[in-house]
A.B. asks: 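Below is one structure. I have some questions about it.
Whatever order the structure lists ligands and atoms in, that order sets their numbers, starting from 1. None of the values given here were measured: they were computed from a predicted structure. Because only heavy atoms are used, hydrogens play no part in the values below, and waters and symmetry mates are left out as well, while side chains stay in.
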Amino acid sequence: MSPTPTEIVVLGAGVAGLTTAFESRQRFPSAQITVVAKYLPGYTSPTEYVSPWAGANWHSFEKERNQYAEYDAVAFKKFVDIAAKTPESGVNALPMRVVYDSDEARKNPLWYGEVVGGIKEAPKDELPTGAVMGLDMDSFMINTVAYLSWLQQQLLHANVKFMRRSYTHVDDLISDFPNAQAFFNCTGLGARHLGGVEDESVYPTKGQTLLIAEPITPLKRMYVQKNASWGNNEFAHVFPRPLGGGLILGGVRRDNDWTAEPDLELAERIKQRCCALAPELGKPEALQVLSHNVGLRPSRKGGARVELEKRKAKLLIHNYGASGAGYQSSWGMAAHALDLLKEQVNAKARL
Ligand SMILES: Cc1cc2nc3c(=O)[nH]c(=O)nc-3n(C[C@H](O)[C@H](O)[C@H](O)COP(=O)(O)OP(=O)(O)OC[C@H]3O[C@@H](n4cnc5c(N)ncnc54)[C@H](O)[C@@H]3O)c2cc1C
Ligand SMILES: *[C@@H]1O[C@H](CO)[C@@H](O)[C@H](O)[C@H]1NC(C)=O
Ligand SMILES: *[C@@H]1O[C@H](CO)[C@@H](O)[C@H](O)[C@H]1NC(C)=O
């Protein structure tokens, strides 16, 4: 194997695959890079391509500054840059308010205050009745559809090739690209089924949102709310997507639910909760619903997997399983995946 890869293949064209291709191009400017996937930006599947269905915002779920938190921190910094230089990417800075029904966040301060440039308590009189506290901070809103196609355009300009193909076994992929030295596995939920090294710890976490007509007066912030009496897997979020992306209301997390159908009773609960949270939306019955959406987050027992494996004298670098954090961790995970490849290259160079 040559010390520096001359050909790299990325399997998967969700946010994980596209970001990994981007990092690959930056670190290996002259390598031939191909993104291969069953679904590419512009196409949709409720069960096999989750990236278009995300909210999406940056709101780290990590409770402490662990490896996954580091991924989120890297992505936040990158979004600062992308939003400032290229707002047409679909990534825009927008304040976020997180509303709590307990004082948990006061007792255990969030690890990312410094990352987001400070966190302030929201004025109590602006919170929904019964809320205990709210936190205001800077964050990002991502128009997922615009952002995926922007990433693809950047890659095309950087001479990255795209191919639409589906694989049932990783060895078929390896034999289709005999000259490639490195393969990135960014198959998301598909990692569970792909033959070769099937990962049984991968499972779906169903999400559901409503796409609502955009208010004429743009919302000043996004909102997220937790309420213990809604149960553990329901919450509320109001996400105004930039660049004409409409308004996304949610949300829910249903583990091991593979179904593609929206739950219309849940949709009603979401409307009620979001209108109470963001009164500027008006009455729930007056909302103009453009579509009901379902997406399956690629969850994994033990957390996302960024790992290098050797298979048939090739390097296989896994980067999948981010569950509900695929955007906010994307740049950190992709950087880690490329670090793993670079380590191998450097080790070879030292021989
Ligand atoms: C309602 C909802 C809200 C969300 N909100 C947020 C949010 O606010 N912030 C955030 O960070 N994340 C959010 N997420 C999570 C985010 O959507 C995912 O973490 C992320 O999109 C995962 O990206 P991925 O590239 O790993 O997977 P995917 O987008 O599913 O891409 C998988 C790719 O692999 C390809 N593939 C798989 N198997 C094969 C095969 N065998 N052969 C060929 N190709 C294959 C597919 O065709 C596809 O191109 C949300 C998710 C949902 C459902
Ligand atoms: C939490 O949910 C319950 C039940 O829907 C509701 O009565 C209560 O007002 C909610 N609290 C907040 C702060 O929204
Ligand atoms: C991706 O990972 C999954 C789970 O380990 C495996 O089934 C699949 O073969 C891998 N694909 C590639 C291209 O490495």
Side-chain angles (χ1 to χ4, degrees), residues 10-20 35-41 43-61 71-72 75 79 96 99-102 127-134 139-142 144 148 162-170 172-173 185-196 202 204-210 222 224-231 234 236-237 239 241 248-254 269 272-273 276-277 293-300 304 319-330 333-334:
V10 178
L11 185 63
V15 69
L18 298 172
T19 311
T20 300
V35 176
V36 189
K38 181 168 174 190
Y39 291 98
L40 294 175
Y43 298 88
T44 58
S45 160
T47 54
E48 293 185 66
Y49 190 29
V50 69
S51 290
W53 304 119
N57 78 336
W58 190 100
H59 180 201
S60 181
F61 305 131
Y71 293 153
D72 295 345
F79 288 151
M96 168 167 72
V99 175
Y100 296 87
D101 61 355
S102 76
L127 302 181
T129 339
V132 171
M133 64 182 288
S139 182
F140 296 93
M141 233 11 286
I142 303 170
T144 57
L148 294 171
F162 282 81
M163 277 181 90
R164 202 165 173 184
R165 283 177 76 81
S166 179
Y167 285 91
T168 50
H169 203 290
V170 53
D172 299 335
L173 176 74
N185 183 0
C186 307
T187 51
L189 199 53
R192 187 188 170 102
H193 298 303
L194 199 59
V202 173
T205 300
K206 182 175 174 176
Q208 180 180 324
T209 63
L210 293 87
M222 67 187 106
V224 180
Q225 184 183 8
K226 295 211 281 183
N227 182 337
S229 55
W230 300 340
E234 292 187 15
H237 63 70
F239 287 170
R241 278 181 175 170
I248 291 282
L249 309 184
V252 69
R253 290 193 190 92
R254 286 189 186 152
R269 293 198 292 279
Q272 304 279 349
R273 291 166 184 171
L277 177 60
N293 313 310
V294 164
L296 305 184
R297 303 172 180 90
S299 298
R300 184 170 180 274
N319 178 8
Y320 64 83
S323 189
Y327 281 84
Q328 68 203 20
S329 65
S330 57
M333 286 179 66

A.B. asks: Counting each atom of ligand 2 from 1 as listed, which ones have a heavy atom of Ser229 under 4.0 Å away?
C.D. replies: 1 (C), 2 (O), 3 (C), 4 (C)
A.B. asks: Gly295 heavy atoms, cut-off 4.0 Å: which ligand 1 atoms fall inside?
C.D. replies: 53 (C)
A.B. asks: Counting distance only, does the side-chain N/O of Ser51 pair as donor-acceptor with the main-chain N or O of Val15 below 3.5 Å?
C.D. replies: yes
A.B. asks: How close does the nearest protein non-hydrogen atom get to atom 44 (N) of ligand 1, and which residue and atom is it?
C.D. replies: Lys38 N, 3.1 Å
A.B. asks: Polar contacts were defined as any N/O atom of the residue lying under 3.5 Å from an N/O atom of the ligand; does this apply to Gln328 and ligand 1?
C.D. replies: yes
A.B. asks: Tell me: protein heavy atom nearest atom 51 (C) of ligand 1, and distance?
C.D. replies: Arg297 CG, 3.6 Å
A.B. asks: To check your reading of the model: name the closest protein heavy atom to atom 9 (O) of ligand 2, its residue, and the distance in Å.
C.D. replies: Thr129 O, 4.0 Å
A.B. asks: Look at atom 5 (O) of ligand 2 and say which protein heavy atom is nearest, naming residue and atom and giving the distance to 0.1 Å.
C.D. replies: Trp230 NE1, 3.5 Å
A.B. asks: Can you sort out which atoms of ligand 1 are near Ala56, meaning under 4.0 Å from one of its heavy atoms?
C.D. replies: 7 (C), 8 (O), 9 (N)
A.B. asks: Identify the protein heavy atom lying closest to atom 41 (N) of ligand 1, giving its residue, its atom name and the separation to 0.1 Å.
C.D. replies: Tyr167 O, 2.6 Å
A.B. asks: For ligand 1, which atoms have a heavy atom of Gly12 less than 4.0 angstrom away?
C.D. replies: 33 (C), 34 (O), 35 (C), 49 (O)
A.B. asks: Under a 3.5 Å cutoff, is there a donor and acceptor pairing between the side chains of Ser139 and Asn57?
C.D. replies: no
A.B. asks: Check for a donor-acceptor pair, side chain of Thr187 on one end and backbone N or O of Gly190 on the other, with a separation under 3.5 Å.
C.D. replies: no
A.B. asks: Taking distance alone, with no angle check, do Gly326 and ligand 1 share an N/O pair under 3.5 Å?
C.D. replies: yes
A.B. asks: Where the closest heavy atom to atom 12 (C) of ligand 2 is concerned, which of Asn227, Leu277, Val132, Asp101 has it?
C.D. replies: Asn227
A.B. asks: Check each of Val294, Leu296, Thr44 against Trp53 using the side chain to side chain contact (heavy atoms under 4.5 Å, CB included) test, and report the only one that passes.
C.D. replies: Thr44
A.B. asks: What's the spacing between Arg300 CZ and Arg192 CZ if we round to 0.5 Å?
C.D. replies: 12.0 Å
A.B. asks: Quick test: of every protein heavy atom, which one is nearest to atom 48 (C) of ligand 1, and how far off is it to 0.1 Å?
C.D. replies: Tyr49 CD1, 3.7 Å
A.B. asks: Looking at atom 30 (O) of ligand 1, what's its closest protein heavy atom, distance included?
C.D. replies: Val50 N, 3.0 Å
A.B. asks: If we only count N/O pairs under 3.5 Å, is Gly55 in contact with ligand 1?
C.D. replies: yes
A.B. asks: Which residue holds the protein heavy atom closest to atom 37 (C) of ligand 1, what is that atom called, and what is the gap in Å?
C.D. replies: Thr187 O, 3.3 Å
A.B. asks: Using side-chain heavy atoms (C-beta onward) and a distance below 4.5 Å, is Val50 in contact with Leu189?
C.D. replies: no
A.B. asks: Assess Arg269 against Trp230: is NZ or CZ under 6.0 Å from the centre of the six-membered ring, and within 45 degrees of the ring's axis?
C.D. replies: no
A.B. asks: Just which atoms of ligand 2 are under 4.0 Å from any heavy atom in Ala131?
C.D. replies: 13 (C)
A.B. asks: Measuring from atom CG of Asn227 to atom OH of Tyr100, what distance do you get when rounded to the nearest 0.5 angstrom?
C.D. replies: 13.5 Å
A.B. asks: Identify the protein heavy atom lying closest to atom 8 (O) of ligand 1, giving its residue, its atom name and the separation to 0.1 Å.
C.D. replies: Asn57 N, 2.9 Å
A.B. asks: Atoms of ligand 1 less than 4.0 Å from Glu48 heavy atoms?
C.D. replies: 30 (O), 46 (C)
A.B. asks: Under 4.0 Å from a heavy atom of Trp53: which atoms of ligand 1 are those, numbered in the order shown and with their elements?
C.D. replies: 1 (C), 2 (C)
A.B. asks: Do any nitrogen or oxygen atoms of Gly207 lie less than 3.5 angstrom from nitrogen or oxygen atoms of ligand 1?
C.D. replies: no
A.B. asks: Less than 4.5 Å apart, side chain to side chain, heavy atoms only: is that true for Leu18 and Phe162?
C.D. replies: yes
A.B. asks: How about Ile248 and His237: do any of their side-chain heavy atoms sit closer than 4.5 Å?
C.D. replies: yes
A.B. asks: Heavy atom to atom 47 (O) of ligand 1, shortest distance: which of Tyr39, Tyr327, Tyr320, Tyr43 holds it?
C.D. replies: Tyr39
A.B. asks: Counting N and O atoms only, with roles assigned by atom type, does the side chain of Thr144 sit under 3.5 Å from a partner on the main chain of Pro52, one being a donor and the other an acceptor?
C.D. replies: yes
A.B. asks: Just to be sure I read this right, does ligand 2 sit under 4.0 Å from the backbone of Gln225, its side chain, both, or neither, counting only heavy atoms?
C.D. replies: side chain
A.B. asks: What atoms of ligand 1 come within less than 4.0 Å of a heavy atom belonging to Cys186?
C.D. replies: 32 (C), 33 (C), 34 (O)
A.B. asks: At their closest point, which heavy atom of Val202 faces which heavy atom of Gly188, and how far apart are they?
C.D. replies: CG1-O, 4.2 Å
A.B. asks: For ligand 1, which atoms have a heavy atom of Ala37 less than 4.0 angstrom away?
C.D. replies: 44 (N), 49 (O)
A.B. asks: Looking at ligand 1, would Gly250 count as a contact under a 4.0 Å heavy-atom criterion?
C.D. replies: no
A.B. asks: With nothing but distance in play, are any N or O atoms of Ala322 less than 3.5 Å from an N or O of ligand 1?
C.D. replies: no
A.B. asks: Do Gln328 and Phe61 have side-chain heavy atoms sitting under 4.5 Å apart?
C.D. replies: yes
A.B. asks: So Tyr39 and Arg164, do their side chains get closer than 4.5 Å, heavy atoms only?
C.D. replies: yes
A.B. asks: Applying a strict 4.0 Å limit to heavy atoms, is Ser323 in contact with ligand 1?
C.D. replies: yes
A.B. asks: Would you call Lys206 and Val252 a side-chain contact if the rule is heavy atoms closer than 4.5 Å?
C.D. replies: no
A.B. asks: Answer whether the closest heavy-atom distance between the side chains of Glu48 and Lys38 falls below 4.5 Å.
C.D. replies: yes
A.B. asks: Checking contacts here: is it the side chain or the backbone of Ala54 that comes within 4.0 Å of ligand 1, counting heavy atoms only? Could be both or neither.
C.D. replies: both
A.B. asks: Only heavy atoms of Thr209, strictly under 4.0 Å: list the atoms of ligand 1 that pass.
C.D. replies: 1 (C)
A.B. asks: For Leu11, state whether at least one heavy atom is located under 4.0 Å from any atom of ligand 1.
C.D. replies: yes
A.B. asks: Out of curiosity, Arg241 CZ to Ile142 CD1, how far, rounded to the nearest 0.5 Å?
C.D. replies: 10.0 Å
A.B. asks: Please confirm whether Arg165 comes under 4.0 Å of ligand 1, counting heavy atoms of the residue only.
C.D. replies: yes
A.B. asks: Counting distance only, does the side-chain N/O of Asp101 pair as donor-acceptor with the main-chain N or O of Ala228 below 3.5 Å?
C.D. replies: yes
A.B. asks: At what distance is the nearest protein heavy atom to atom 13 (C) of ligand 1, and which residue and atom is it?
C.D. replies: Gly324 O, 3.2 Å
A.B. asks: Give yes or no for whether the N/O distance cutoff of 3.5 Å, strictly under, is met between Val15 and ligand 1.
C.D. replies: yes
A.B. asks: Does a side-chain heavy-atom distance below 4.5 Å link Pro41 with Tyr49?
C.D. replies: yes
